[in-house]
Amino acid sequence: MVETESLHFQFPESLDAILEDVTVSIRPGRTMLSGASGSGKSTFLALCNRLFPENCDGILQGRLKLFGRLHDDYVPGEINQRVGTVFQDPDTQFVMERVDEELIFTLENLSTPISEIERRVTEILESLQLSAYRTREIDSLSGGEKQRIAVACALVGRPEWLLLDEPLTHLDPVTAYEFVEWLDRVTGLNVIVVEHRPHLWGDYFDWHIELERGRIVRNESFCPVDDFAFIKSNASLKNPYHYTIEEVRRDSFQLKRSELHVRAGEVIAILGPNGSGKSTFLRSLTEHDRRVGLVPQSPEHLFFMNSVESELQFGHEDSIESVLSDMSLLDQRHLHPLSLSHGQKRRLAVAIQSLTNKQLLAFDEPTAGQDEPSLHALELLMKRHAEMGRTILFVTHDLSFARIANTFYLMKDGELSGPFKDELWQDTETLRHYQLQGRRARCHSMT
C-alpha cells in the first residue's frame with residue numbers, strides 16, 4: 001500500500017523535521033508502528049491516508065506512493081474509498097450527534113446506495129457488539145465507547161486498509177482483548193497500527209516498524225513481547241480526610257453519590273469497564289471540591305497560553321526546569337501546546353497540575369499514548385508528590401501501571417466499591433465481574 005523513498009516532512013514554523021529520510025515499503029498484512037511520543041508515528045499515518053499534506057501546510061519532500069500511485073495523483077477523498085482511519089482522539093472525527101447518524105453520514109460520503117445503508121449500519125454494529133449504542137448521543141459516551149464507535153465508522157465502508165492510532169488506549173482489558181480477537185477474524189483487511197503496548201496484541205502482527213526522531217530504526221518481523229513492570233508506592237500515609245462525590249444523572253446513566261476516604265500520601269487507582277462512570281466520577285469530584293486538580297482525558301482542555309513554558313509558568317513563580325525534564329518536554333518548551341503530539345500534550349497536562357498546590361491530584365487515563373520512558377517518568381512524578389503529602393488518584397485501564405497504587409477502588413454501573421488492597425489481584429471472581437481479567441489474545445497472523 002505505502003512506498004516511500006527519502007521522505008521528509010516538516011511544518012514551516014518548526015526547525016526540526018517530523019519525518020526525515022524515511023524509505024520503507026509496507027506490505028499487505030498487519031504492521032505495528034512504534035516509537036517514542038513525538039517520533040512521527042501519527043504524522044506517518046496521516047500521510048498514508050493523505051490527511052497530510054492535503055489538509056495542512058506541511059512541507060513534503062521525497063517520494064510517497066499509495067497503492068502504486070503518487071500521493072498527489074489522487075483527488076480529495078478518493079483514497080478514503082480504500083483506507084479507513086481511527087485517530088488517537090475519537091472526538092476529532094465525529095460530526096453528527098447520534099451513533100447511527102455518524103455511520104450513515106460516513107456511508108453517504110462514500111456514495112453508498114441508499115438501499116444498502118440501513119443494512120450496513122446494522123451489520124457493523126452487530127459485528128462489533130455495539131447494537132445497544134445505535135441511537136445514543138455521541139457526547140454522552142465514555143472515552144472508550146467513543147473509541148469503539150470510531151472503529152465502527154472506519155470499518156463500515158469496508159476499506160482494504162485500516163489505520164489505527166492507539167486504538168486500545170481507552171478500552172478496558174477485556175474489551176481490548178475482545179477487540180484484537182475480533183479484528184483477527186476479519187478477513188481481507190490489511191492493518192497499520194500505532195501502538196505503545198504491543199503485549200496487548202499477542203502475536204497479531206506480522207511486521208514491526210519503529211521510528212526514532214523521525215527516522216526508521218527498526219524494520220523487521222514482529223516478535224511478541226511482555227508488558228512493562230511498575231513498583232508500588234511506599235510513601236507514608238498521614239492525615240485522613242474525605243471527599244463527597246455528588247450524584248450525576250445523564251440519559252439512562254446514573255452515577256451514585258459516594259464518599260471517598262483517603263490519606264495524604266496515598267496513591268489510589270480507580271478501575272472498571274468502559275462506560276462504568278469513572279470519568280464522570282472524576283468530573284463530579286473536581287467540580288464540587290476546590291482541593292482537587294484534574295488532568296482530563298482530553299489534555300487540550302487545560303491549555304490557553306501560546307507556549308509550553310508559558311503554560312507551566314502561569315500563576316506562580318516556581319522553577320519549571322525539573323518538571324520540563326521529568327516530562328521530557330525541554331526540547332518543546334517554546335512550542336505552542338496544540339502543536340505537540342498527543343502523548344506530549346498529555347505529559348504537559350500532567351506537568352501543569354503537578355505545579356499546583358492542590359491537595360489531591362486526579363488523573364483521567366494519564367498513561368494513554370505514553371511510551372515506556374514516559375510511563376516511568378509519570379510513575380516517579382506521582383510517587384514524588386505522594387511523598388510530599390499529596391493524595392494521587394488516577395483512573396486507568398492499564399492494569400500494569402495500576403500496580404503503583406497502594407489502594408484500589410472499582411466502579412461498575414455508576415457505583416463505587418472499595419477500598420481494596422493487593423489481595424484484589426488474587427480475587428478472580430471480582431476481577432472478572434469488573435472486566436479486569438481476560439485471556440491474553442493469541443492470534444494467527446496473516447502470511
inquiry  = Please evaluate residues E423 and K421 with respect to the criterion salt bridge (charged side-chain N to carboxylate O under 4.0 Å, His left out), reporting the C-alpha separation (whole Å), side-chain torsions for both, the decisive distance (0.1 Å), and the verdict.
reply    = CA-CA 5 Å; E423 292 76 17; K421 295 299 181 181; over 6 Å; no

task = Please report the C-alpha distance between D184 and R30 in whole Å, then the side-chain angles of each, then the deciding distance to 0.1 Å, and finally whether the salt bridge (charged side-chain N to carboxylate O under 4.0 Å, His left out) criterion is met.
result = CA-CA 10 Å; D184 186 53; R30 302 164 173 182; 2.6 Å; yes

key: Verdict with reasoning, D398 to R197, per salt bridge (charged side-chain N to carboxylate O under 4.0 Å, His left out)   = CA-CA 10 Å; D398 187 335; R197 309 302 292 273; 2.2 Å; yes

From CA spacing to verdict: side chain to side chain donor-acceptor pair (under 3.5 Å), S34, H208 = CA-CA 8 Å; S34 70; H208 183 187; 2.7 Å; yes

inquiry  = With side chain to side chain donor-acceptor pair (under 3.5 Å) as the criterion, how do Q344 and S341 come out once you've worked through the C-alpha distance, each side chain's angles and the decisive distance to 0.1 Å?
reply    = CA-CA 5 Å; Q344 290 166 339; S341 73; 3.3 Å; yes

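Looking only at distances, no side-chain donor or acceptor of S325 sits under 3.5 Å from a matching main-chain atom of S322. A distance-only check finds no donor-acceptor pair linking the side chain of Q437 to the backbone of R432 [under 3.5 Å]. A donor-acceptor contact shorter than 3.5 Å links the side chain of K41 to the backbone of A36. The backbone N or O of M327 lies less than 3.5 Å from a partner atom in the side chain of R347, making a donor-acceptor pair. One N or O on the side chain of K358 and one on the backbone of R290 form a donor-acceptor pair closer than 3.5 Å. In this structure a side-chain-to-backbone donor-acceptor pair under 3.5 Å is missing from T286 to V292. Under a 3.5 Å cut-off, the side chain of T4 and the backbone N or O of L7 do not form any donor-acceptor pair. Between the T106 side chain and the E102 main chain, a donor and an acceptor come within less than 3.5 Å of each other. When atom types are taken as modelled, the side chain of Q147 and the backbone of E166 share a donor-acceptor pair closer than 3.5 angstrom.
At a cut-off of 3.5 Å, with distance as the only test, a side-chain donor of H8 or Q10 sits close to an acceptor on the other residue. For the residue pair R346/Q370, the side-chain donor-acceptor check at 3.5 Å is not satisfied. Using modelled atom types and a 3.5 Å distance limit, the side chains of Y241 and T391 yield a donor-acceptor pair. In this model, a donor atom of one side chain and an acceptor atom of the other lie less than 3.5 Å apart for T175 and D172. In this model, no donor atom of one side chain and acceptor atom of the other lie less than 3.5 Å apart for Y177 and Q435. Using a 3.5 Å distance cut-off with no hydrogens or angles, the side chains of N219 and W207 do pair a donor with an acceptor.
When all heavy atoms of G275 and E145 are compared, the pair lying nearest together is CA-OE2, 3.6 Å. Among all heavy-atom pairs drawn from L282 and V395, the shortest one is CD1-CG2, 3.7 Å. Here the shortest heavy-atom pairing between W161 and V191 reads CE3-N, 4.1 Å. In terms of heavy-atom proximity, E266 sits nearest to H261 at OE1-O, 4.4 Å. Residues A152 and I124 come closest through the heavy atom pair O-CG1, 3.7 Å. Residues L399 and L436 share a closest heavy-atom pair of CD1-O, 3.0 Å.
A distance of 12.5 Å separates CG of N274 from NZ of K146, quoted to the nearest 0.5 Å. Atom CD1 of I245 and atom CG of L285 lie 5.0 Å apart (nearest 0.5 Å). To the nearest 0.5 angstrom, R263 atom CZ is 15.5 Å from H242 atom NE2. Interatomic distance, S279 OG to L141 CG, rounded to the nearest 0.5 Å: 12.0 Å. Considering CG of L302 and CD of E311, their distance stands at 8.0 Å, rounded to 0.5 Å. The CZ atom of F228 sits 8.0 Å away from atom NE2 of H199, with the distance rounded to the nearest 0.5 Å.
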Report, one line per pair, each donor and acceptor closer than 3.5 Å where one atom sits in a side chain of residues 312-319; sequence neighbours left out.
residue, atom, partner, partner atom, Å
Q313, NE2, H316, O, 3.3
Q313, NE2, D318, O, 2.9
H316, ND1, D318, N, 3.0
H316, NE2, L312, O, 2.6
S319, OG, E321, N, 3.3

Using residues 376-384 as the side-chain source, report each donor-acceptor pair under 3.5 Å to any protein atom, sequence neighbours left out, with the distance given to one decimal.
residue, atom, partner, partner atom, Å
H376, ND1, E379, OE1, 3.0
E379, OE2, I231, N, 3.1
E379, OE2, K383, NZ, 2.8
K383, NZ, I231, O, 2.5
R384, NH1, D326, OD2, 2.7
R384, NH2, D326, OD2, 3.3

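A salt bridge is absent between R283 and E287; no separation between the charged side-chain nitrogens and carboxylate oxygens falls under 4.0 Å. Under 4.0 Å is where a charged nitrogen must lie from a carboxylate oxygen, and between K345 and E300 at least one such pair does.
Residues P90 and I149 form no side-chain contact, since every pair of their non-hydrogen atoms from C-beta on lies 4.5 Å or further apart. The side-chain heavy atoms of S39 and E210, taken from C-beta on, include no pair separated by under 4.5 Å. Residues V186 and L189 are in side-chain contact: their nearest non-hydrogen atoms beyond the backbone lie under 4.5 Å apart. Using a 4.5 Å heavy-atom threshold, the side chains of R148 and Y133 count as touching. For the pair P53/L47, a side-chain contact is recorded, criterion being any heavy-atom separation below 4.5 Å from C-beta on.
For an aromatic pair to be called close, the ring centres must be under 6.0 Å apart, and F394 with F401 satisfies this. Between Y409 and F420, the gap from one ring centroid to the other reaches at least 6.0 Å.
More than 12 heavy atoms of other residues, nucleotides or ligands lie within 6.0 Å of CD in E387, so this atom counts as buried by the packing criterion. For CD of E429, the number of neighbouring non-hydrogen atoms (other residues, nucleotides, ligands) closer than 6.0 Å is 12 at most. In this structure, R291 places its CZ atom where more than 12 heavy-atom neighbours from other residues, nucleotides or ligands lie under 6.0 Å away. By the neighbour-count criterion of 12 heavy atoms within 6.0 Å, atom CD of Q129 is sparsely surrounded, having that number or fewer from other residues, nucleotides or ligands.
Among residues two or more places apart in sequence or in another chain, the salt bridge (Lys or Arg N to Asp or Glu O under 4.0 Å) test is passed with D16 by none. Annotation: salt bridge (Lys or Arg N to Asp or Glu O under 4.0 Å) contacts of R257 (sequence neighbours excluded): E246, E259. Qualifying salt bridge (Lys or Arg N to Asp or Glu O under 4.0 Å) partners for K232, counting only residues two or more places apart in sequence or in other chains: D422. Here E20 pairs with R215 under the salt bridge (Lys or Arg N to Asp or Glu O under 4.0 Å) rule; sequence neighbours left out.
The aromatic rings of W201 and F205 sit tilted, their planes meeting at an angle between 30° and 60°.
Across V180, L168, D227, a single residue satisfies side-chain contact (heavy atoms from CB on, under 4.5 Å) together with L200, and that is L168.
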